[in-house]
Amino acid sequence: MHVVELTEPGVFEHRERDRPDPAADEVLVEVRHVGICGSDVHYYEHGRIGDYVVEDPLILGHESAGEVVAVGDEVTGLDAGDEVALEPGIPCGECARCRSGEYNLCPDVEFMATPPDDGAFAEYVAWDADFAHRLPESVSTRAGALCEPLSVALHATRRAEIGLGDAVLVTGAGPIGMLVSEAVRAAGAGSVLVSDVVPEKLERAEAYGATATVNPAEESLSAAVADFTDGEGVDAVIEASGAPPAVASTVDVVRRGGTVLCIGLSAEDEIPIETNEIVDKELDFRGSFRFRNTYADAVSLLERGAVDVEKIIDFEMPMADLTAAFERAREPDVVKGMVTVRE
Ligand SMILES: NC(=O)c1ccc[n+]([C@@H]2O[C@H](COP(=O)([O-])OP(=O)(O)OC[C@H]3O[C@@H](n4cnc5c(N)ncnc54)[C@H](O)[C@@H]3O)[C@@H](O)[C@H]2O)c1
Ligand SMILES: C[C@@H](O)[C@H](N)C(=O)O
């Protein structure tokens with residue numbers, strides 16, 4: 001089968017590998033669509049993310065969906081011809097976190113496109129059937145691939161305990177922030193203020209249903225939030241930029257008794273935060289890592305039209321042009337690039 005390997009920073013090589021045979025509990029999936037994530041671009045540019053270093057040729061891509069073409073002997077509930085979204089992390093199933101149900105926190109998870117585990121820029125992937133989620137006819141494999149970033153957004157929305165009518169600030173209008181805005185509205189948020197420092201992203205956020213937007217490089221975030229909430233502060237801030245000034249400002253702009261939920265990962269190891277504000281305002285200050293038990297709900301939201309993920313896609317290119325696709329994905333106003341492995 002045809003695959004694309006990252007062999008060194010900035011270099012993709014198109015190669016042939018043996019088509020995998022599905023194990024008894026696996027399905028063999030002919031890949032259709034793979035979204036390009038910021039972490040894929042980071043590996044492409046730098047060959048590493050923190051301690052995860054690309055030492056051997058690595059297949060990138062972890063936002064994927066395709067068609068089942070074969071099933072292992074023990075697989076029930078999926079058949080050849082079914083279209084599926086692939087949940088990219090396979091946890092060990094044995095550790096304390098897995099047994100508690102918090103399988104996204106499994107220290108031994110094998111996550112697609114995270115060295116040394118290959119991803120989905122390949123004609124075929126053999127994948128644990130429990131992590132292959134069937135797509136109904138009305139949900140395309142293009143949208144199915146985006147169940148992955150949507151899952152990040154759904155998990156964060158749950159962790160933030162967004163309630164009916166809540167006023168929410170989402171910092172960062174990249175794909176994650178855009179999908180968080182969708183997810184919190186689906187959860188019943190009353191109003192969503194989105195911040196970003198790139199004007200084109202704010203225009204997209206507005207078109208995408210943000211109640212209001214603010215560019216903190218041009219105006220005061222605190223003043224904008226005060227305006228937005230009659231001086232009260234937002235019920236929740238969902239931080240989806242990883243930008244130190246945005247992270248630091250979260251505790252200022254949330255209301256007393258509110259929630260700060262951090263998704264963004266920063267290039268900085270340390271970001272100064274006024275911790276007295278966390279105490280004095282009695283804040284819930286939380287992180288959100290990947291996702292658990294979100295795919296079925298992501299698929300259901302897509303099927304019901306409660307969220308729309310395809311509108312964040314800026315361009316679609318074939319896997320044959322993967323280098324060009326990644327170069328385009330690096331442009332600052334691009335939100336999401338989609339790669340077609342097979343139509
Ligand atoms: N916790 C998780 O499981 C998880 C999963 C996926 C992504 N992430 C992280 O979440 C963040 C968002 O992911 P993404 O793919 O949307 O990234 P992205 O880089 O595409 O988007 C980040 C956005 O933040 C904006 N930004 C920069 N400075 C800002 C500021 N001061 N205020 C407001 N916005 C600002 C950027 O212009 C950009 O539009 C990244 O840090 C990523 O590493 C975390
Ligand atoms: C969750 C996923 O999208 C993220 N890029 C990660 O590797 O953790």
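When a residue number appears, it is its place in the shown sequence, counting from 1. Every number for a ligand or one of its atoms is a count from 1 in the order of the listing.
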Query raised in the report: With a cut-off of 4.0 Å, which atoms of ligand 2 are near a heavy atom of C37?
Result: 5 (N)
Do any N/O atoms on [X] end up under 3.5 angstrom from N/O atoms on ligand 1?
{"X": "I263", "result": "yes"}
{"X": "P175", "result": "yes"}
{"X": "K201", "result": "yes"}
{"X": "V198", "result": "no"}
{"X": "P245", "result": "no"}

Query raised in the report: Against heavy atoms of S288, which atoms of ligand 1 measure under 4.0 Å?
Result: 1 (N), 2 (C), 3 (O)
Query raised in the report: Can you tell me if E239 and T171 form a side-chain donor-acceptor pair at under 3.5 Å?
Result: yes
Query raised in the report: For T340 and E316, does a side-chain donor sit closer than 3.5 Å to a side-chain acceptor?
Result: yes
Report task. Could you tell me if any non-hydrogen atom of H62 lies under 4.0 Å from any atom of ligand 2? Result -> yes
Requested in this report: Can you figure out which of V180, L202, V197 has its heavy atom closest to atom 27 (C) of ligand 1?
Outcome: V197
Query - From G287, S39, G174 - option closest to atom 21 (O) of ligand 1 by heavy atom - result: G174
Report task. Can you establish whether the number of heavy atoms outside F315 located under 6.0 Å from its atom CZ is more than 12? Result -> yes
Query - Whether over 12 other heavy atoms sit under 6.0 Å from E137 CD - result: no
Query raised in the report: Checking side chain to side chain contact (heavy atoms under 4.5 Å, CB included) for the pair R134/V68: CA distance, chi angles, key distance, verdict?
Result: CA-CA 9 Å; R134 190 182 16 233; V68 174; over 6 Å; no
Who's the nearest protein heavy-atom neighbour of [atom], and how far?
{"atom": "atom 3 (O) of ligand 2", "answer": "E148 OE2, 2.9 Å"}
{"atom": "atom 5 (N) of ligand 2", "answer": "S39 OG, 3.1 Å"}
{"atom": "atom 7 (O) of ligand 2", "answer": "R290 NH2, 3.4 Å"}

Report summary line: Distance col, row E5:CD vs D56:CG, nearest 0.5 angstrom, shows 9.5 Å
Query raised in the report: Is any side-chain heavy atom of V254 closer than 4.5 Å to a side-chain heavy atom of T259?
Result: no
Query raised in the report: Do the side chains of L322 and L60 get nearer than 4.5 Å, heavy atoms only?
Result: no
Query raised in the report: When the ring planes of F291 and F111 are compared, do they come out parallel, tilted or perpendicular, using 30° and 60° as the limits?
Result: tilted
Query raised in the report: Looking at atom 34 (N) of ligand 1, is any protein heavy atom nearer than 4.0 Å to it?
Result: yes
Query raised in the report: Does atom 19 (O) of ligand 1 have any protein heavy atom closer than 4.0 Å?
Result: no
Report task. Please state which part of P216 comes within less than 4.0 Å of ligand 1, counting heavy atoms only: side chain, backbone, both or neither. Result -> side chain
Report summary line: Logged contact type for A243 with ligand 1, heavy-atom cut-off 4.0 Å, is side chain
Query raised in the report: Can the ring centres of Y295 and F131 be said to be less than 6.0 Å apart?
Result: no
